[in-house]
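Everything on this sheet refers to the single structure shown next.
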Amino acid sequence: MTALKSDFLREITERGFVHQCTDLDGLDALMSEAPVTAYIGFDCTADSLHVGSLVPIMLLHWLQRAGHRPIALMGGGTTKVGDPSGKDDSRRLLSQTQIEANMAGIRRIFDRYLTFGDGPGDALMVNNDDWLDGLQLIDFLRDYGRHFSVNRMLTFDSVRLRLEREHPLSFLEFNYMVLQAYDFLELARRHGCVLQMGGSDQWGNIVNGVELGRRVDQRALYGLTSPLITTAAGAKMGKTAEGAVWLNAERLAAYDYWQFWRNCDDGDVGRFLRLFTLLPLDEINRLDGLDGTEINDAKKMLANEATALCHGREAAETAAETARRTFERGGHGDDLPTLEVSRGELEVGIAAYELLCRAGLTASNGEARRLIKGGGGRLNNRQIADETATVGLADSDDDGLIKLSAGKKRHALVRVIG
RNA sequence: GGAGGGGUGCCCGAGUGGUUAAAGGGGACGGGCUGUAAACCCGUUGGCUUCGCCUACGUUGGUUCGAAUCCAACCCCCUCCA
């Protein structure tokens, strides 16, 4: 590969964001000359995004940093159709109101990563429902449908894989790639957008848009995809015991977000630092070279930086401090999930398993019992020996706190009140 | 519209009248070893007021001492035909 002239492309290439590009040299020439507008589309299937969407979000962030203009496209319209890419089954259809509520939630996340506004380099958020909803079927088919060959559509992974596995693919979903292609054209016309980025599973959809732009408007459009990020263990990243790693604090506390990064595999640290933090590359290379126990410093750095981006520097520091006190000193920090229990109730005594459950460390009393039987329940750092054990006022410290743990990693506090 | 196949626990998938809270695998969680890592070994994996009770195999009824297993109707999915 020849040396890239564009700051943006060079940065994201070195950081591991680039998988494929429709015309890297052409794009490089364009981006090194003047600011360009680029977009990435996001589904509105939930009211938050999770770390699976972090790669595209970071791409937009770097784009803006390099002086270009990012567009976050909300798939308010396409979510009604459902992208078949990478999915074996059709998705449940969402109602209009659900989609709108989801968009509002997602918007708040973007505010952390992008600067929105009306200035030349300010980010834009648009909703494709604005143009898709009013389409007239016959007009649309005649103007744009004729540029799509079904023969070719059948060869795209999103369709082909479904057919090969004999999983159903509805006609509705079959149209998804056409709509996404049209999105690109629409954004090119409205905002002069020339680049669409996305995950590697979006390649087919993106290429369709590039071609549509050329055929209909003789526009030169570009596409760029990033690799699917998996963990060193080979799993799709972003799952914890509690489920997806969400980016909003209501769904996943900043402390838990910090812990997610802190607990990554050794083999992932360097890659994740490059992708999910803004640290300079030479600093990352140093951290990546650390061995043995020292690699924990790199993981803390990863957790600090990733959390600061998502939840703010202050939240990251609180989470780090809580982790330090909890793990390195065997104490506890302010940021641990806390359950309030009345003095009166504790005077009588509460079964340890019930408290574990109420503190959210287990999903049910039965699970808590099993945890204790298996030696995983801890009260103030001491293993709970007996599943019938009760917790009383005497177990609280001078501050009226009791520390509960499920295993060595998951902790919660009980605060005595009243 | 016709014919056939199928819907089982977080997922995949056995089970075709009782010994089935339901084999096996995956995942997840816990213990041991560690570095809040990986690998490995062991254990757990429906709920509850837990030596007992309750709820579960698409839904609703039925047969039976007894059903995930048999029957009926309904819902949903797939395949082939029209």
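Chain letters run A, B, ... following the sequence lines, proteins first and then strands; every chain starts at 1. Keep in mind that what you see is a predicted model, and the values were worked out from it rather than measured.
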Exceeds 12 heavy-atom contacts within 6.0 angstrom, atom CD of Glu314(A): no
Touch class at under 4.0 angstrom, heavy-atom based, for Trp261(A) against every strand present: nothing
Partners passing side-chain contact (heavy atoms from CB on, under 4.5 Å) against Leu59(A) (at least two apart in sequence or in another chain): Phe8(A), Ile12(A), Phe17(A), Ile40(A), Met197(A), Ser226(A)
Phosphate contact (rU34(B) OP1 or OP2) by Lys408(A) side-chain N/O below 4.0 Å: no
Sequence-distant partners of Thr338(A), side-chain contact (heavy atoms from CB on, under 4.5 Å), two or more places apart: Leu413(A), Arg415(A)
Sugar-phosphate only, base, or nothing, as touched by Ala323(A) at under 4.0 Å among non-hydrogen atoms: base
Over 12 foreign heavy atoms within 6.0 Å of CD, Glu250(A): yes
d(CG, Asp268(A); P, rU36(B)) in whole Å: 18 Å
side-chain contact (heavy atoms from CB on, under 4.5 Å) between Gln180(A) and Gln196(A), intermediate numbers included: CA-CA 10 Å; Gln180(A) 186 166 331; Gln196(A) 180 181 183; 3.0 Å; yes
Between rC29(B) (P) and Tyr353(A) (OH): distance, integer Å: 25 Å
Protein proximity profile, nucleotides 20-26 of chain B - base contact B, sugar-phosphate-only contact S, no contact -, cut-off 4.0 Å on heavy atoms: -------
Phe327(A) six-ring face occupied by Arg262(A) cation (under 6.0 Å, within 45°): no
Phosphate contact (rG30(B) OP1 or OP2) by Arg410(A) side-chain N/O below 4.0 Å: yes
Residue whose closest nucleotide on RNA chain B lies nearer the 5' end, Cys357(A) versus Gln259(A): Gln259(A)
Sorted by number, the residues of residues 336-349 of chain A with heavy-atom contact under 4.0 Å to RNA chain B: none
Contact residues, residues 362-379 of chain A to RNA chain B [heavy atom, < 4.0 Å]: Ser364(A), Asn365(A), Gly366(A), Arg369(A), Arg370(A), Leu371(A), Gly374(A), Gly375(A), Gly376(A), Arg378(A)
Integer-rounded Å distance: rU36(B) P and Ile295(A) CD1: 13 Å
Plane angle bin for His311(A) and Tyr257(A) - parallel if under 30°, tilted between 30 and 60°, otherwise perpendicular: perpendicular
Sugar-phosphate, base or nothing in reach of Glu294(A), heavy atoms under 4.0 Å: nothing
Arg343(A) atom CZ, neighbour heavy-atom count above 12 within 6.0 Å: no
Whether Lys403(A) side chain and Gly331(A) backbone form a donor-acceptor pair below 3.5 Å: yes
Duplex segments of RNA chain B, taken as runs of at least three Watson-Crick or G-U pairs that stay under 3.5 Å: B:1-7 with B:75-81, B:10-12 with B:24-26, B:27-32 with B:40-45, B:46-48 with B:52-54, B:58-62 with B:70-74
Nearest-angstrom distance from the residue atom CG of Asp266(A) to P of rU36(B): 12 Å
Rounded interatomic separation in angstrom, taking CG from Asp265(A) and C1' from rU34(B): 14 Å
